[in-house]
Amino acid sequence: MNNNINFGIDLGTTNSLIAQFKNGQAEVFKNPVGFKETLPSVVAFRNNRIIVGDKAREYIEKDPCNVFSSFKRKMGTTDSFFVGSLGDFRTPIQLSALVLNELKNFIYTGEKPASVVITIPASFDTIQSNATKKAGYEAGFKEVVLLQEPIAASLAFANKNYGTPLEGRWLVYDLGGGTFDVALVRIQHEEMKVVDHEGDNYLGGLDFDNAIIDNILLPWLHDRGGFSECCTDLRSAQSKYNKLYYLLLLKAEEAKVSLSLAEQADIEFEAEDDTGTVQELFLTISRSQFNDAIRSKVSYSVELVKKVLERNKLTRDELSKVILIGGSTYVPLVREMLAAELGIPVSAEVDPTTAVAAGAAYYAGAKPAALQPGLNDIIRATDSAVNVKMAYAKTSRETDEYFTALISGLPAGSFYRITRSDGGYDSGLKPAAERISEILSLQANEVNAFTLKLYNHQQDQLPVPIDTILITQGKFSIEGQPLPNDICIEVDDVVNNTTRLELVFEKNAILPLRKKIVKTLTKTITRTNSESLLINILEGSHFSMPASCIPIGIIEINGSKLEHDLIKGSDVEILLEMSESRDLHVTAITLMNDQEFGEVFSPSERHINLARLRSEVSGILFLAREELKELEEREHFEEAAVTLRQINELEEMERQLRNLKEDDVTDLKYQVEEKKRRLSRAIDSKDKSSAIAFVKEEYFREKEECQYWIGQSASPSLQSRFEKLVQKENDYVNAGSSFVLRNKIDELRQLSWEVRKKDPSVLMGAFHYYATQPMGDFRDQHQAKKFIEIGEKAIERKNYDELYVALMQLYIIHPDSDRRKNPFSGTGIG
Amino acid sequence: MNKELIRIINQVFEMEKKIGTRPEMSTLLRNIERIKAALEEMGLSYHNPSGEKYSETRTDCEANIVGDLQAKMIISDVIKPVIFEKTDSTGRVIIQKAVVLVEKQSNE
């Protein structure tokens with residue numbers, strides 16, 4: 001890091017921002033709560049807490065004795081604000097210092113700048129400028145450099161290097177949420193200078209919103225009838241229409257934003273009319289209506305611009321451009337009227353909201369700091385004198401929970417603040433005492449994480465390590481008990497020609513549980529064919545093969561139960577509810593015909609579907625034979641002998657099942673099912689160290705290769721698919737299921753292939769492999785000859801798309817495509 | 001976060017809100033549930049805080065206070081919901097604050 005100031009702050013009348021110059025760019029920081037770049041310059045003193053920003057702004061009108069805004073206008077005056085809740089005064093400097101301190105919290109890097117550039121309006125005199133500097137010092141900065149806002153905006157423009165460079169004279173037109181400023185800037189003797197300025201502290205975007213209400217919405221309501229008192233009473237706090245005012249204000253703002261992009265905007269709202277009936281109201285506003293509503297306001301701003309030009313006796317030819325800043329310059333009429341009435345090119349290229357902060361950062365990035373950069377307090381040695389002991393309920397059924405802490409060794413005038421990690425709770429800054437307490441609001445059914453931070457009197461964070469406050473809401477009860485195993489649904493993995501487990505409820509989740517999932521049918525089930533849909537719910541690790549898990553409920557939907565045929569690709573909605581006593585209620589709705597199927601499965605009864613059992617045994621047998629082949633190839637004869645014995649057992653089970661009737665009254669099917677699970681686990685499990693070791697080795701090799709190919713492709717979408725695929729690698733690798741690992745290997749291969757197939761040499765190599773295979777190996781020799789011929793011609797013509805098609809066709813008719821394909825009937829859902 | 005996706009979620013929320021007041025449209029709730037389930041698979045969810053207590057420590061809402069300020073305020077209308085996104089590090093974060101109207105509790 002260089003020794004330049006680097007940090008720039010736009011300390012605005014309405015909003016403030018902070019930015020940093022880094023690697024040649026200005027980065028505007030975002031509020032960690034809500035992720036907005038702007039912080040409303042509003043300070044509230046409510047219930048012994050200091051709140052700065054959005055939350056404070058909400059109370060401006062309702063609690064004017066304790067909430068203060070636009071104090072920038074009073075900088076450099078002797079005016080002070082009486083704070084009712086404190087019974088004391090606060091100066092504009094102190095309020096500005098609070099805003100500056102809040103902005104420091106936006107710096108996610110943990111840096112604590114000692115030096116900073118702060119922008120001031122062009123209209124600020126020496127006293128006002130000095131007051132701004134003082135606010136900076138009160139906020140803990142050791143060095144404050146001031147920069148005029150129009151200069152900052154011009155620097156942002158110049159650094160973005162849009163179109164023609166800045167030269168001669170230009171105007172900076174700044175129309176914000178509540179204020180308007182125009183400045184005439186020029187370069188003279190290599191120096192950028194504000195020559196003249198004009199402004200109105202009560203003109204901005206909020207006036208446009210109110211203009212929509214007054215000129216469009218209220219007349220429309222009046223003409224419609226039924227809202228007779230609305231036009232007069234809308235803004236009265238005691239009126240029944242006051243709620244409608246706030247609603248209309250929000251809708252007007254939305255419409256204004258839409259109309260900046262589109263020719264018309266819809267406004268839709270509900271309101272209670274004079275008789276108390278709720279009316280659903282809808283109207284469309286055109287941009288021309290909007291323009292007519294705000295024209296006088298925009299025209300007034302243009303008049304102020306003209307005043308500056310007249311005062312300086314300038315013609316349009318003497319000005320190079322008008323740079324637009326401030327959020328309200330997004331409005332097309334502003335740009336159109338300026339261009340039409342001034343006849344000067346209007347530039348809207350810089351981000352109007354962040355331009356001043358960005359410009360300040362650019363300036364700061366080139367300005368050497370008189371002081372050494374501040375040390376990062378967070379990484380400084382911890383303050384061992386301070387000791388914090390916290391007490392709170394770690395679980396709660398309530399929507400808010402009491403928290404208390406004993407703090408010793410704190411310096412006088414310290415503060416504390418508690419925030420929730422998702423950004424939904426902020427205690428505000430509160431004076432810290434030996435004992436502090438708060439009511440923390442909780443998000444339902446979540447683990448709520450709160451952070452307690454301590455600050456000194458200058459609101460610099462004290463380096464005290466404090467544990468995160470964790471409160472689990474709603475998930476614990478006296479009756480509630482955790483699930484001993486994962487509950488999964490078996491779904492088809494059509495690509496790998498097998499089935500796999502999809503997690504429904506995770507182990508240790510607290511009962512009762514409920515989840516709705518939507519799955520797609522992987523086969524067509526007609527009222528006459530023999531296909532059926534199986535909703536098979538199993539208990540066991542979701543990183544194992546389905547056959548190893550305990551079946552807890554199965555619903556079979558076959559043609560005879562259907563009112564209409566179900567087509568492959570249609571959806572089935574499955575609702576799974578598990579009670580505290582672990583009764584499982586499964587409801588399936590086939591969405592194509594809206595037919596509902598439901599069943600309740602009790603944990604004390606086992607449900608065996610014979611057809612499914614037969615299919616599973618065949619599947620395990622296939623895997624066992626594959627494994628035997630591999631073990632023999634690698635000469636692991638001891639383990640091969642074990643696998644052979646397992647194969648014999650499975651073959652015997654297959655025979656037993658073949659002879660078993662659907663209505664068999666003995667418990668043979670239960671015995672076979674149990675044996676199947678045992679054998680499935682044994683074949684799939686990590687007990688077979690060699691077998692698992694081969695698969696793990698293959699997995700990591702495949703992963704490395706996939707990573708290489710994705711790196712070659714430089715495709716962010718493939719990279720993100722890869723990351724998703726290996727996201728839970730530790731879990732599935734350690735689970736030790738060769739079945740799951742093999743499926744992962746196949747997925748990695750498919751991903752690699754997506755990159756490799758774009759490489760002509762890879763395609764040609766693969767084609768050459770199939771073209772030189774013995775003709776007798778192909779299932780259809782006539783087709784094989786045809787596609788070899790097509791492929792050869794495609795290579796000659798360098799038509800690689802055609803070569804790819806030929807290659808795929810050859811693959812399909814070659815026994816390679818049957819490799820590792822087991823007998824598969826599936827569940828019918830995927 | 002994709003702004004268009006947030007706009008879509010806001011529309012789903014509005015549909016759900018409208019359907020809630022029209023029993024004749026209740027069959028559409030199933031479709032809404034399905035959209036919500038799909039959003040959840042993408043790591044996105046929303047919450048309607050209507051009827052919940054309101055205080056200045058709630059930073060999950062942007063409130064517009066209707067009428068006079070009282071000690072006990074509730075969220076009386078929700079224009080936009082709270083939208084959450086799942087993250088690997090912190091569980092989930094708020095990517096859109098709710099836009100709400102707040103009023104005194106009617107039993108006061």
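A note on names: the letters A, B, ... follow the listed sequences, proteins ahead of strands, and every chain is numbered from 1.
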May I have the step-by-step check of side chain to side chain contact (heavy atoms under 4.5 Å, CB included) for Lys80(B) and Leu250(A), ending in yes or no?
CA-CA 10 Å; Lys80(B) 284 180 184 170; Leu250(A) 290 167; over 6 Å; no
Any chance you could lay out the side chain to side chain contact (heavy atoms under 4.5 Å, CB included) test for Glu52(B) and Thr399(A), step after step, and finish with the verdict?
CA-CA 9 Å; Glu52(B) 291 178 8; Thr399(A) 52; over 6 Å; no
Take Glu253(A) and Val99(B), measure what side chain to side chain contact (heavy atoms under 4.5 Å, CB included) needs, and give me the verdict at the end.
CA-CA 12 Å; Glu253(A) 194 194 349; Val99(B) 178; over 6 Å; no
Could you walk me through whether Asp426(A) and Thr57(B) pass side chain to side chain contact (heavy atoms under 4.5 Å, CB included), step by step?
CA-CA 5 Å; Asp426(A) 185 350; Thr57(B) 58; 6.0 Å; no
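Residues passing the side-chain hydrogen bond (donor to acceptor under 3.5 Å, both in side chains) test with Ser437(A), sequence neighbours excluded: none. Here Tyr54(B) pairs with nothing under the ring pair (Phe, Tyr, Trp, His ring centres under 6.0 Å) rule; sequence neighbours left out.
Residue Lys515(A) does not touch chain B at all, counting heavy-atom pairs closer than 4.5 Å. Using a 4.5 Å cut-off between heavy atoms, Ser55(B) touches chain A through its backbone atoms (N, CA, C, O) alone. Interface remark: Leu101(B) contributes side-chain atoms only to the contact with chain A (heavy atom separation under 4.5 Å). Neither the backbone nor the side chain of Gln96(B) has a heavy atom closer than 4.5 Å to any heavy atom of chain A. Looking at Ile79(B), the atoms closer than 4.5 Å to chain A (heavy atoms on both sides) all sit in the side chain, from C-beta outward.
Glu270(A) pairs with exactly one of Lys18(B), Lys17(B), Arg22(B) by the salt bridge (charged side-chain N to carboxylate O under 4.0 Å, His left out) rule, that one being Arg22(B).
With contacts defined as side-chain heavy-atom distances shorter than 4.5 Å, the pair Gln443(A)/Asp60(B) qualifies. Contact of the Asp594(A) side chain with the Arg30(B) side chain is registered, since non-hydrogen atoms from C-beta on lie closer than 4.5 Å. Glu33(B) is not listed as a side-chain neighbour of Leu575(A), based on a closest heavy-atom distance of 4.5 Å or more.
Looking at every heavy atom in both residues, Cys61(B) comes nearest to Lys55(A) through O-NZ, 2.6 Å. The minimum heavy-atom distance between Asp54(A) and Lys97(B), with the atom names listed, is OD2-NZ, 4.0 Å.
Ranked by heavy-atom pairs under 4.5 Å with chain B, the list Glu438(A), Glu268(A), Arg420(A) is led by Glu268(A). Interface check for chain B: of the options Thr419(A), Ile418(A), Ile589(A), the most heavy-atom pairs under 4.5 Å are formed by Ile589(A). In terms of heavy-atom pairs under 4.5 Å with chain B, the best-connected choice from Leu591(A), Ile517(A), Val518(A) is Leu591(A). Interface remark: of the candidates Asp77(B), Asp68(B), Leu69(B), Leu69(B) forms the most heavy-atom pairs closer than 4.5 Å to chain A. Highest contact tally toward chain A, considering only Ile94(B), Thr21(B), Val82(B), is held by Ile94(B) [criterion: heavy-atom pairs under 4.5 Å].
Summarising the geometry, atom OG1 belonging to Thr59(B) is positioned 10.0 Å from atom CD1 belonging to Ile51(A); distances are rounded to the nearest 0.5 Å.
Under the 4.0 Å criterion applied to side-chain N and carboxylate O atoms, Lys53(B) and Asp400(A) are assigned as salt-bridge partners. The pair Glu56(B)-Arg49(A) meets the salt-bridge criterion, with a side-chain N (NZ, NE, NH1 or NH2) lying under 4.0 Å from an Asp/Glu carboxylate O.
A donor atom on one side chain and an acceptor atom on the other are not found under 3.5 Å apart for Glu58(A) and Asn64(B).
Around atom NZ of Lys453(A), no more than 12 heavy atoms belonging to other residues, nucleotides or ligands sit under 6.0 Å away. No more than 12 heavy atoms of other residues, nucleotides or ligands sit less than 6.0 Å from atom NZ of Lys30(A).
Between the Lys243(A) side chain and the Val102(B) main chain, no donor and acceptor come within less than 3.5 Å of each other. In this structure, Asn242(A) contributes its side chain and Gly67(B) its backbone to a donor-acceptor pair below 3.5 Å.
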